[in-house]
Amino acid sequence: MSGAGADTAPSSDDGGQHQHQQRAFRDRDAARRRLRLERELAIARAIRAPLATVVRDHALVHLPPAAAARLRLVHPSWARALASPLFAVAHAATPRRASGLFVAPAPTTAGYFLPLDAADTVPSPALAFLPASSPPTVLSSSHGLACCFSPADDAYFVCNPATGSWHGVPCPPCRITWPRPAVVVLFDAGVYNFRGDYALVCAFESEPGSGIYCFAVFASGTGVWWVADAVAPAEGLVPSSGVDAGGTAWWRTAIGTAVGYNPVTGRVDLALCPGDSAQWEIGSAAGTLHCAVRDGGDVMVFRLDRHGGWEVAAAVSVAEILQRPWQPELAYELSDSEDDEEEEAAGQAEVERAGAVLAVANRYSMVRVPSDVVRLLPFQGAEAEVVLLAGRRVVALETVTRRRREAVLPDQPAGKDWSAVEYAAHTNTLALVAPVVFMEPPDDQEEVVAS
């Protein structure tokens, strides 16, 4: 029996394991109590915190840079918070809507910034702080950073128009032959981009007139351009349409396609216009490519899904955007006058009843009834927004809240037609601009970069 009792008695190893489990349970309970106590203390501190502190820590990041700068005088702690690089990173990462558009310079006039909100402007609308001998053109913008080009100096700059900070960047490896380079700035506005690093993607034709485009990439952390292996068919690429959507540089083309290149994955994407390619514009909303297509008196907004197809995001009428009655422009195609004079006469009579007639330039021509010329403009922001140009009016309508913003262009100077000018959407933030770190190019890219 003594032998049986010895078999059932707990061993020393079992007792040690039991004690170890008990200590683990006690440590876990103690950790939970400490975490609960810390949360209770944090809630108590938040409740007792002065309103000024709450506003400083949670509300200032939502203000436009111009409004935030004026609040530096409220208290020294506010001045320190607004001057902190961490605040600049948080401000750039905060979702916000577009501040306005940069209007491209004309041969006789300088470009400038057109704000959609009076309080959300930039200190120098013409970007006079850049060391350029000619008015710079804003090629693209992303989360507060803008890539600018000076044709007279053949110089490129990446700047923050809201803060006036800038850095020069080297020219792309292939000299651009068209008036405006197709460069898109890619900027990750995440809270971990403490330096303000960015990338530039330049699309250029492999051979003039081929319609096949290559992509050159520049990174602020390396300081060199390199040419990617990817190519894409992009006949009629519109250089001024470039936009950053989730780290991919996108452009639309004159043949109803959109082409995108992601320098991180090396992937090329193609998307077909979901409507009339003569009446569409691409933009970025919440980091996803969107497009706006005019269909008669309505504007349809589409969002690119993960499978490369378009899905309807919103629909709004032009009349609602402009807040007045509007009729789409009518068009009549006349047949050969020698073959069908009666049909031409009927069409001519219809045009005259509508109120206007344009001269027929050729035997085959298009007679249009002029009405308000409405043009879709590029857009960017946390939510989709339709931006229209009607005469001198620039009207933006948020598709979700239906809130409107409006700005008026000045009187057209000689030789400048607002309906034909290039525009670049821009959002003001306090984003940092990383200095360019120049390094030796890779061996396989040395000849390309030096060209």
- Task: Please report the closest heavy-atom contact between Ala384 and Val301, naming both atoms and the distance.
- Result: CB-CG1, 4.1 Å
- Minimal heavy-atom distance between Ser240 and Glu422, with the atoms involved, is CB-CD, 3.8 Å
- Should Arg303 and Asp305 count as an ion pair when the cut-off is N to O under 4.0 Å? no
- Under the 3.5 angstrom rule, does the side chain of Asp117 hit a backbone N or O of Ala119 as a donor-acceptor pair? no
- Query: What class does the angle between the rings of Phe102 and His426 fall in, given that below 30° is parallel, 30 to 60° is tilted and above 60° is perpendicular?
  - Reply: perpendicular
- Basic-acidic side-chain contact under 4.0 Å: Arg402, Glu320: yes
- Candidates Val158, Thr429, Asn193 - the one meeting side-chain contact (heavy atoms from CB on, under 4.5 Å) with Phe187: Asn193
- Query: Between Phe218 and Trp225, what is the ring plane arrangement, given parallel below 30°, perpendicular above 60°, and tilted in between?
  - Reply: tilted
- Query: Parallel, tilted or perpendicular: which fits the ring planes of Phe194 and Tyr192, with parallel below 30° and perpendicular above 60°?
  - Reply: perpendicular
- Message: For a quick test of reading the model, state the closest non-hydrogen atom pair linking Gly144 to Pro161 and the distance between them.
- Response: O-CD, 3.5 Å
- salt bridge (charged side-chain N to carboxylate O under 4.0 Å, His left out) assessment of Glu398 paired with Arg404: CA-CA 7 Å; Glu398 296 181 13; Arg404 295 176 67 261; over 6 Å; no
- Cationic N near anionic O, under 4.0 Å, Glu383 to Arg97: no
- Query: How about Cys291 and Trp310: do any of their side-chain heavy atoms sit closer than 4.5 Å?
  - Reply: yes
- Message: Can you tell me how far apart CH2 (Trp418) and CZ (Arg375) are? Round to the nearest 0.5 Å.
- Response: 11.5 Å
- Query: Is it true that Arg294 and Asp276 make a salt bridge, defined as a side-chain N closer than 4.0 Å to a carboxylate O?
  - Reply: no
